[in-house]
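Step one of this worksheet: look at the structure below.
Letters go in sequence order (proteins before strands), and every chain restarts at 1.
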Amino acid sequence: MKILVCMKQVPQKDAPLKLNESAAWIREDVSYEVNEPDAYALEEALRQKEKHTGEVVVITSGPARSQQVLREALAKGADRAIHLEDNAFVGLDAFNTAKAFAAAIKDEKFDLIFTGLQSDDYGYAQTGVILAELLGWPHATIIMQIEKNDTGIRVKRELEAGFFQFVDMPLPAVLTIQSGINKLRYATLIGIKQAKNKPLRKVTLAEVQPAIGENLQKIERLYVPQKTKKTEHIEGSPSEIAKKLVDKLRNELRVI
Amino acid sequence: MPDTILVIVEQRENKLNRVSWETITAGQAITAATGWTLEAAVVGASASSIAAEVAAKKVAKVYAVESPKLEPYTPDAFAEALKQLLAAKQPKLVLMPHTYQVRDFVPKLATAMGRTVISDCIGFKHENGKLVFTRQMFQGKLAADVSFTSDAPWFATFQNGAFRGDKAEAGASAAPVETVNVEIADGVVRNKPQEVFKEAKQAVDLTQAEIIVSVGRGIKEQKNIEIAKQLADALGGDLAASRPICDSGWLPMDRQIGSSGQTVAPKLYLALGISGAIQHIVGMKGSRTIIAVNKDSEAPIFEIADYAIVGNLFDIVPPLIEEVKKAKAGS
Ligand SMILES: Cc1cc2nc3c(=O)[nH]c(=O)nc-3n(C[C@H](O)[C@H](O)[C@H](O)COP(=O)(O)OP(=O)(O)OC[C@H]3O[C@@H](n4cnc5c(N)ncnc54)[C@H](O)[C@@H]3O)c2cc1C
Ligand SMILES: Nc1ncnc2c1ncn2[C@@H]1O[C@H](COP(=O)(O)O)[C@@H](O)[C@H]1O
């Protein structure tokens, strides 16, 4: 099976975020990591390849810094990478990001495309489904298991409140992958070395520009959300905090 | 004709998903701000009984969008049915709850129409005649006001809990229900969904727990779970976790709290190193008292916490265990 995995670089979970001058985006001088479900998507693609043979290709769009996620993916076992490299890709809405991907892979023939189920920065939860529609392929979202069969694949969708559902679908297809579908592997030293010689194709903004249009939605402003609940801060040294808290647990909340 | 807002309610097995009332409330609020007309639609194999239920609310009209191909749910059939409805009725704004089902088909529907979805919104603002939608970004650390720069129909989905379902206004009289039969050609539906099921019964039931100590990724390593366990034991409570902890196998899945785990409402929920992503919050926001320990003063968990402790959990928890033990020994 030939599988494409969309992997996005996002600010690290712990990174303190600051607004930039436009107040419509963050200051980019933070540390980054791979979007969590995308790491699971890559792992799943590698496992499928190990079972059925084939090829795993990873793709990202973003500035030079985002090459890091491709390098890591190659080190873990992906065969090659595609980098849509430009600062401008950061500001695209999900529709345009998907259009850019569709344009970049127009000469390829994949059986499956995996995306994460949502990104930690924008959180659109849309890019994969939009890409499927642009390609005219079926899709399934929030996937926890993938089994190849004679007619295509059987996937396990996570539904709300602990429910699941198996869905049979033909190939080619787009799947959005949920965290926890598998156990992640680490890159090996050999893998890291080999990654250096693996092909990484760069795609410029100009190459995909004809395929994309104006964004269909616009961030007017970004801000720190206002607190609505009255929160009481408990401060002091750790032992003072412990004393104050136990006093509350005992005398106000009456739970001990 | 005035512009219309169309709320698409969600049904499962002929029952209305309660979160739909929240979207009706949202639609009524936008109607009040803009003067637009509010309509609703139900999509399914037999949508009319739910349509009648929705028609009791203050809406101008309800569409029952029907076709045998709409059962069971598939994104292909739903997108096709709604495309036909929207082409016929031309609403300006289409609202839905941000459920797993909606996330599965609405990006497809909007894309098929060359439009966009502002997803997972928590509110709206009507400023100088312009409608903007507020949504969380960066896992709730920041909020954004987002506008449409494209033509109608505009699509927006609302996060669970963004509006109060019990505030949906009833109508003076039942709204008219119009049945819309849609044709879904053979071959449109490609996926074959099987029965919905629940995994074998969970070993741990946290829904009755009075005290829950819950750990998030701030715990850093599997071996550190032990100190949370000690705190839970000292308090006589149960141990729970955010999803990444269970994904990593550090605690079993049946201890996960949140939209894809258990929903709990203990007297005390003590969150250690949990950032407070919405998918976690929906599982525990009903707790009577929430105490959060997090080293990041801006962590979203503090927005819903009654007591906030900004600090390193590895400094805070050990003396806390000691104090709790002391207090218990003395009582
Ligand atoms: C469809 C879907 C369903 C989901 N279902 C669920 C679900 O059911 N349950 C769930 O929990 N999540 C769920 N998630 C995932 C959710 O979006 C978050 O990714 C997850 O809740 C984050 O877990 P966390 O808070 O433990 O980790 P993080 O977001 O990484 O937060 C860790 C926190 O620990 C703090 N920290 C770090 N070190 C320390 C320290 N030494 N002392 C104190 N604080 C520290 C950090 O400041 C940070 O705030 C779901 C996501 C999706 C998209
Ligand atoms: N710039 C990007 N580069 C690579 N993958 C992306 C990018 N944007 C979105 N994706 C993929 O689409 C998924 C969903 O993102 P979103 O629609 O923004 O929530 C992510 O988990 C990624 O797999």
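Top candidate by heavy-atom pairs under 4.5 Å with chain A, chosen from Thr157(B), Ile291(B), Val310(B), is Ile291(B). With chain B as partner, the option from Gln178(A), Lys218(A), Met169(A) having the largest number of non-hydrogen pairs under 4.5 angstrom is Lys218(A).
Contact of Val132(B) with chain A is made through the side chain alone, with heavy-atom distances under 4.5 Å. Residue contact with chain B, scored on non-hydrogen atoms closer than 4.5 Å, involves the side chain of Pro11(A) exclusively. For Ile234(A), the parts lying under 4.5 angstrom from a heavy atom of chain B are both the backbone and the side chain. Residue Gln136(B) touches chain A through its backbone alone, counting heavy-atom pairs closer than 4.5 Å. When heavy atoms are compared at a cutoff of 4.5 Å, Phe314(B) does not approach chain A at all. Both the backbone and the side chain of Asp14(A) come within contact range of chain B, with heavy atoms under 4.5 Å apart. Heavy atoms closer than 4.5 Å to chain A are found in both the backbone and the side chain of Ser260(B). Both the backbone and the side chain of Thr99(B) come within less than 4.5 Å of a heavy atom of chain A. Both the backbone and the side chain of Ile309(B) come within less than 4.5 Å of a heavy atom of chain A. Contact of Glu303(B) with chain A is made through backbone and side chain together, with heavy-atom distances under 4.5 Å. With a 4.5 angstrom heavy-atom cutoff, Trp25(A) touches chain B only via side-chain atoms. When heavy atoms are compared at a cutoff of 4.5 Å, Lys130(B) approaches chain A solely by way of its side chain, counted from C-beta outward. Only the backbone of Arg115(B) has a heavy atom closer than 4.5 Å to any heavy atom of chain A. Both the backbone and the side chain of Ile130(A) come within contact range of chain B, with heavy atoms under 4.5 Å apart. Proximity to chain B is limited to the backbone of Ala15(A), based on heavy atoms less than 4.5 angstrom apart. Of the atoms belonging to Val117(B), heavy atoms from both backbone and side chain fall under 4.5 Å from chain A. Of the two parts of Ile122(B), neither the backbone nor the side chain holds a non-hydrogen atom closer than 4.5 Å to a non-hydrogen atom of chain A. Proximity to chain B is absent for every atom of Glu214(A), based on heavy atoms less than 4.5 angstrom apart.
Taking every heavy atom of both residues into account, Arg135(B) and Gly123(A) meet most closely at NH2-O, 3.0 Å. The shortest non-hydrogen separation linking Ala125(A) to Pro107(B) is O-CG, 4.2 Å. Leu249(A) and Leu268(B) get closest at one heavy-atom pair: CD2-CD2, 3.5 Å. Listed here is the closest heavy atom pair of Pro225(A) and Ala143(B): CD-N, 4.0 Å. For Ala327(B) against Arg250(A), the heavy-atom pair with the smallest separation is O-NH1, 2.8 Å. Residues Arg243(B) and Ser179(A) approach most closely at NH2-O, 2.8 Å, considering heavy atoms.
Here the straight-line distance linking atom NZ of Lys141(B) with atom CD1 of Ile26(A) works out to 9.0 Å at 0.5 Å rounding. In this structure, CG in Leu253(A) is found 10.5 Å from NZ in Lys267(B), a value given to the nearest 0.5 Å. Between the CD1 atom of Ile142(A) and the CD atom of Gln101(B) there is a distance of 11.5 Å, given to the nearest 0.5 Å. Here CD of Glu160(A) is found 8.0 Å from CG of Asn160(B). Values are rounded to the nearest 0.5 Å. Of the inter-residue distances, the one linking Ser275(B) atom OG with Asp120(A) atom CG reads 9.0 Å to the nearest 0.5 angstrom. One finds the CH2 atom of Trp154(B) at 12.5 Å from the CG atom of Leu216(A) (value rounded to the nearest 0.5 Å).
Asp121(A) has its side chain out of reach of Met137(B): every pair of non-hydrogen atoms, C-beta onward, lies at least 4.5 Å apart. Taking the side chain as every heavy atom from C-beta outward, Thr289(B) and Glu252(A) never approach each other to under 4.5 Å. With a 4.5 Å cut-off on side-chain heavy atoms, Thr111(B) and Phe95(A) count as touching. Residues Glu158(A) and Tyr100(B) have side chains in contact (heavy-atom distance under 4.5 Å, counting atoms from C-beta outward). Side-chain contact between Lys108(B) and Gln126(A): absent, with no pair of heavy atoms (C-beta onward) separated by less than 4.5 Å. Using a 4.5 Å cut-off on side-chain heavy atoms (C-beta onward), Leu117(A) and Arg103(B) make contact. Looking at heavy atoms from C-beta onward, Leu245(A) lies in side-chain contact with Leu320(B) at the 4.5 angstrom threshold. Lys183(A) places none of its side-chain heavy atoms less than 4.5 Å from the side chain of Asp247(B).
Donor-acceptor pairing under 3.5 Å is lacking for the side chains of Asp120(B) and Tyr124(A).
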Take Arg217(B) and Lys13(A), measure what side chain to side chain contact (heavy atoms under 4.5 Å, CB included) needs, and give me the verdict at the end.
CA-CA 10 Å; Arg217(B) 207 181 339 232; Lys13(A) 290 234 161 57; 3.2 Å; yes

Stepwise side chain to side chain contact (heavy atoms under 4.5 Å, CB included) test for His139(A) and Asp104(B)
CA-CA 8 Å; His139(A) 75 265; Asp104(B) 192 56; 3.6 Å; yes

If you apply the rule side chain to side chain contact (heavy atoms under 4.5 Å, CB included), what do you find for Val246(A) with Lys326(B), and how did you get there?
CA-CA 10 Å; Val246(A) 167; Lys326(B) 252 198 264 172; over 6 Å; no

The test is side chain to side chain contact (heavy atoms under 4.5 Å, CB included); show your working for Thr116(B) and Asn215(A) and say whether it passes.
CA-CA 9 Å; Thr116(B) 192; Asn215(A) 278 345; over 6 Å; no

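Between Lys230(A) and Asp306(B) there is no salt bridge, since no side-chain nitrogen of the basic residue lies less than 4.0 Å from a carboxylate oxygen of the acidic one. A salt bridge is absent between Lys244(A) and Glu323(B): the closest approach of a Lys/Arg side-chain nitrogen to an acidic carboxylate oxygen does not fall below 4.0 angstrom. Salt bridge present: Lys156(A) and Glu199(B) bring a charged side-chain N and a carboxylate O closer than 4.0 Å. With respect to Glu220(A) and Lys125(B), no salt bridge is recorded, no charged nitrogen being found less than 4.0 Å from a carboxylate O.
Using a distance-only test at 3.5 Å, with no hydrogens or angles considered, a donor-acceptor pair links the side chain of Thr231(A) to the main chain of Ala305(B).
No more than 12 heavy atoms of other residues, nucleotides or ligands lie within 6.0 Å of CZ in Arg288(B), so this atom counts as exposed by the packing criterion.
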Atom pairs and distances, side-chain donor-acceptor, residues 161-168 of chain A, under 3.5 Å, sequence neighbours left out:
| from | atom 1 | to | atom 2 | distance (Å) |
| --- | --- | --- | --- | --- |
| Gln165(A) | NE2 | Gln194(B) | O | 3.0 |
| Asp168(A) | OD1 | Arg154(A) | NE | 2.8 |
| Asp168(A) | OD2 | Arg154(A) | NH2 | 3.0 |
| Asp168(A) | OD2 | Gln194(B) | NE2 | 2.9 |

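The side chain to side chain contact (heavy atoms under 4.5 Å, CB included) check on Ala23(A) picks up nothing, with sequence neighbours excluded.
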